[in-house]
Chemist: 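After the structure tokens below, expect a handful of questions from me.
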Amino acid sequence: MFFYMPVHVYSEPYCITRHADALARLGKRALIVTGASSAKRNGSLQDTVQALEEKGVTWCLFDQVEENPSTDTVMKARDFGLSEQADFVIGIGGGSPMDAAKAIALMMQHPAEDASYMEDKEKDSGRLPLALIPTTCGTGSEVTAVSVLTRKATSHKSSIPHRIFADLAFLDGRYLQMASPSILANTTMDTFAHLVESYINTASTLYVRAIIDQGLSLWRKNKDIVLRQRQATEEDFFTMLNASMCGGMAIAHTGTTVPHGLSYALTLKANMPHGKACGYFMKGYLDEASKEDRNHILSLAGFKDTDDFLAYYRATCGMETIATDILESSIQDVLKTPAKLAAVPYTMNESVLRRIVF
Ligand SMILES: [Fe+2]
């Protein structure tokens, strides 16, 4: 068995401030990578800047990472970071800024290369020092080596082949307090998808399943918050972040499988948020699994059966009808990714995919 998770993680209130020394050791000038606004609103950018300035580290800001970030954006940020002579990268936000920050740190290390470098798995994955600060609770990207990017020319979204772990991750639940109920619903559904797809996975191991079990137990504690039956406390936000990190640590070892593979077309062609798009296929994925695996997951997550899960999904993420042609393209996407099919421990072919999708 194999287990490798090299990221130093700090998970506590004010952890960026408390561990500013660790952040400052990464370099002399930081390129901070964020989306347009949330890092400014939730206090994470301010804490980061304050910690850097207290340690005499200068910084510059690239705040143009879009949802489903493109390789074009990565190159634009890379050129900006080089022109600013930044020597390390800090990604703050949900999966989009964190995944972009990984690729930016890679490309800054290889300043003479063009965007094709990101796609070449034979090339060196060396990168600038990198810290990640999640401000949503679904991606787990702070502890994975994966950078999912969109290629605008082909409208295709998938991970680049380089494996890029961060040096540091700072988890502070206070930054989730600004997240809207729909963001919480979508991102926690992404966490659930990571945990399920990593458990029902040919690469799942004893170590990974120990983390998944812990993640599902944590995830269950937040269902009533996502259902808007209870207000979240600061402790609850940490529980959500820790569940998300468990999901991240799990998929860092197993990868995701069919629901994620099917989801990308819904996100790119129907504008459906990532977690909601993965959750769309989750009942079908669980229904096809072995009874033992299905019952284990459902009982830890606090669902009676997959219909109970579906009711939760509809209550939290909503349920909309997706056009048949988009669902067909989801199936074609997965059929073109043999690794996703091979990761499924039960029979997986086009007819099983059709049962999951329709
Ligand atoms: Fe995901």
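In each ligand, atom 1 is the first atom listed, and ligand 1 is the first ligand listed.
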Chemist: I need the NE2(His274)-the Fe ion (ligand 1)-NE2(His260) angle, rounded to 10 degrees.
Modeler: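 His274 NE2 and His260 NE2 form an angle of 90° at the Fe ion (ligand 1).
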Chemist: Under 6.0 Å from the ring centre and within 45 degrees of the ring axis: does the NZ or CZ of Arg174 meet both conditions for the six-membered ring of Phe237?
Modeler: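 No; the conditions do not both hold, so Arg174 does not lie above the ring face of Phe237.
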Chemist: Under a 4.5 Å side-chain heavy-atom rule over Ile, Leu, Val, Met, Phe, Trp and Tyr, are Ile133 and Leu128 clustered together?
Modeler: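 Cluster IDs for Ile133 and Leu128 differ.
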Chemist: If I consider every N, O or S atom in His194, which one ends up closest to the Fe ion (ligand 1)? I only need its name.
Modeler: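 That would be atom NE2.
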Chemist: Could you check which N/O/S atom of Asp190 is closest to the Fe ion (ligand 1)?
Modeler: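 Among the N, O or S atoms of Asp190, the one closest to the Fe ion (ligand 1) is OD1.
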Chemist: Could you check whether Lys269 makes a cation-pi contact with Tyr264, meaning its NZ or CZ is under 6.0 Å from the centre of the six-membered ring and within 45° of the ring axis?
Modeler: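 The answer is no; the distance or angle limit is not met.
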Chemist: In this structure, is the centre-to-centre distance between the rings of Phe309 and Phe192 below 6.0 Å?
Modeler: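 Between Phe309 and Phe192, which both carry aromatic rings, the centre distance is below 6.0 Å.
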